[in-house]
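Dropping the structure in here first, questions after.
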Amino acid sequence: MRGVEDMRRSYDVFFASSNRHKYAEVRDILEKFQIRAGFFKFNPVEIQSDSISDIARQKVIDAYEKCKMPVIVEDVGLYITSLNGFPGPYSSFVFKTIGNKGIVRLLGKNRNAEFLSVVAFYDGKKRPRLFEGRVRGKIAKRLEPGGWGYDPIFIPRGKDKAYAQLDDKNSVSHRYKALAKFATYMLQSSDR
Ligand code: IMP
């Protein structure tokens with residue numbers, strides 16, 4: 001078994017999550033910036049808040065307490081314009097309950113939506129740092145095959161296909177935008 005010191009040396013930062021789909025994307029995106037991200041399996045106790053930033057901030061402190069290595073977490077919300085921003089911080093719950101089919105059915109003419117990713121970083125020093133990535137788009141009229149989560153129904157602006165069908169999701173997504181900001185911060189920080 002590899003020791004903690006080996007793990008520390010092999011990776012620049014850990015991504016704490018229970019979602020391996022997300023980790024695969026995070027790892028591929030950060031690789032573009034020569035940052036090596038390890039996976040730290042973590043089932044967070046989520047605080048109730050209507051701000052995904054507050055949720056991410058609390059979660060990364062919790063994750064750091066468990067892994068004791070520089071760590072990032074990510075929280076995501078899908079904000080649908082005609083539903084006044086719902087489901088937003090409740091996106092996970094809505095996905096589990098009514099799912100993509102339910103959302104597609106719920107919407108009328110105005111199908112505008114925005115994906116927001118908040119990446120929180122903490123290394124035990126100072127305070128957690130937060131990085132946001134937003135992508136505007138619309139909700140498809142029917143599900144497109146492939147992807148995970150809301151990928152089959154979210155069409156980013158400027159594209160004619162949903163995330164599920166895009167080859168370049170990891171270069172345009174809300175996650176990419178938040179992680180690109182994090183990468184810039186990390187590469188500039190003198191700790192590396
Ligand atoms: P969470 O913050 O990871 O819990 O994400 C909230 C909800 O958004 C979950 O249902 C996720 O499956 C979904 N989600 C997060 N990121 C993506 C994505 O990149 N594509 C599609 N769905 C996503």
Side-chain angles (χ1 to χ4, degrees), residues 14-30 32 37 39-63 71-80 83 85-104 106-107 111-121 128 130-140 142-159 161-182:
F14 283 82
F15 178 65
S17 174
S18 58
N19 184 336
R20 283 202 167 264
H21 293 293
K22 267 194 181 186
Y23 169 61
E25 292 189 8
V26 169
R27 185 195 55 216
D28 291 354
I29 293 168
L30 288 180
K32 298 178 204 226
F39 186 57
F40 182 73
K41 194 164 171 27
F42 171 65
N43 281 312
V45 184
E46 280 200 13
I47 58 160
Q48 279 294 320
S49 168
D50 46 19
S51 152
I52 64 168
S53 297
D54 289 347
I55 299 170
R57 192 180 288 110
Q58 192 53 49
K59 210 194 276 186
V60 80
I61 293 172
D62 190 13
V71 65
I72 50 175
V73 301
E74 187 209 31
D75 254 87
V76 171
L78 178 67
Y79 296 79
I80 298 175
L83 304 179
F86 189 77
Y90 310 104
S91 296
S92 195
F93 176 71
V94 165
F95 184 77
K96 282 186 221 138
T97 50
I98 64 170
N100 285 328
K101 284 190 183 148
I103 291 186
V104 161
L106 212 59
L107 302 187
R111 308 187 76 84
N112 294 333
E114 184 175 71
F115 247 130
L116 168 63
S117 158
V118 177
V119 167
F121 168 73
L130 266 53
F131 307 88
E132 277 189 16
R134 291 171 192 272
V135 171
R136 286 180 196 277
K138 57 180 193 272
I139 303 298
R142 55 192 70 82
L143 272 63
E144 294 183 24
W148 56 277
Y150 294 113
D151 280 357
I153 62 164
F154 184 78
I155 305 174
R157 190 181 274 177
K159 302 279 185 187
K161 289 185 207 157
Y163 270 166
Q165 288 286 300
L166 291 183
D167 295 330
D168 61 350
K169 177 187 172 195
N170 283 347
S171 313
V172 299
S173 71
H174 50 300
R175 179 162 301 108
Y176 171 78
K177 290 186 173 178
L179 287 171
K181 290 182 190 169
F182 161 69

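First listed ligand is number 1; within each ligand, the first listed atom is number 1.
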Handout entry: Derivation of the salt bridge (Lys or Arg N to Asp or Glu O under 4.0 Å) call for Glu132 and Lys177
Key = CA-CA 7 Å; Glu132 277 189 16; Lys177 290 186 173 178; over 6 Å; no

Practice task
Look at the rings of Phe15 and Tyr23 and say which category their plane angle falls in: under 30° parallel, 30 to 60° tilted, over 60° perpendicular.
Solution key: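 Parallel.
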
Problem - ligand 1 atoms in contact with His174 (distance to a heavy atom under 4.0 Å) - result: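 Numbered from 1, ligand 1 contributes 16 (N), 17 (C), 18 (C), 19 (O).
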
Practice task
Please could you name the atoms of ligand 1 that Asp75 approaches to less than 4.0 Å, counting only its heavy atoms?
Solution key: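 Checking each atom against Asp75, I get 2 (O).
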
Practice task
Indicate yes or no: does Glu144 engage Lys161 in a salt bridge with an N to O separation below 4.0 Å.
Solution key: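 Between Lys161 and Glu144 there is no salt bridge, as every charged N stays at least 4.0 Å from the carboxylate O atoms.
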
Handout entry: Protein contact of atom 16 (N) of ligand 1 - nearest heavy atom, named by residue and atom, plus distance
Key =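 That would be Arg175 NH2, 2.8 Å.
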
Problem - Closest protein heavy atom to atom 3 (O) of ligand 1, given as residue, atom name and distance to 0.1 Å - result: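 Here the nearest protein heavy atom works out to Lys22 NZ, 2.6 Å.
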
Handout entry: Distance in Å, Arg134 CZ paired with Ser117 OG, rounded so as to fall on 0.5 Å steps
Key =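 Rounded to the nearest 0.5 Å, the CZ-OG separation comes to 10.5 Å.
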
Practice task
Using a strict 4.0 Å cut-off to heavy atoms of Ser92, name the atoms of ligand 1 that fall inside it.
Solution key: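 Reading through ligand 1 atom by atom, the close ones are 4 (O), 6 (C), 7 (C), 9 (C), 10 (O).
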
Practice task
Go through ligand 1 atom by atom and flag the ones less than 4.0 Å from a non-hydrogen atom of Gly149.
Solution key: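 Near Gly149, the atoms of ligand 1 are 12 (O), 21 (C), 22 (N).
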
Exercise for the section: Please report which non-hydrogen protein atom sits nearest to atom 6 (C) of ligand 1, along with the residue it belongs to and the distance in Å to one decimal place. Expected result: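 Protein heavy atom at minimum distance: Val76 O, 3.4 Å.
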
Exercise for the section: State the atoms of ligand 1, each with its element, that fall below the 4.0 Å cut-off from a heavy-atom position in Phe95. Expected result: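 Here the atoms of ligand 1 in question are 10 (O).
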
Practice task
Return a yes/no value for Asp151: is any of its N or O atoms, backbone included, closer than 3.5 angstrom to an N or O of ligand 1?
Solution key: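 It does: an N or O of Asp151 is found under 3.5 Å from an N or O of ligand 1.
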
Problem - Atoms in ligand 1 flagged as close to Lys169, the criterion being non-hydrogen separation under 4.0 Å - result: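 With Lys169 as reference, the close atoms of ligand 1 come out as 18 (C), 19 (O), 20 (N).
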
Practice task
Describe, in one word, how the ring planes of Phe154 and Tyr163 are oriented to each other, choosing from parallel (under 30°), tilted (30 to 60°) and perpendicular (over 60°).
Solution key: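 Tilted.
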
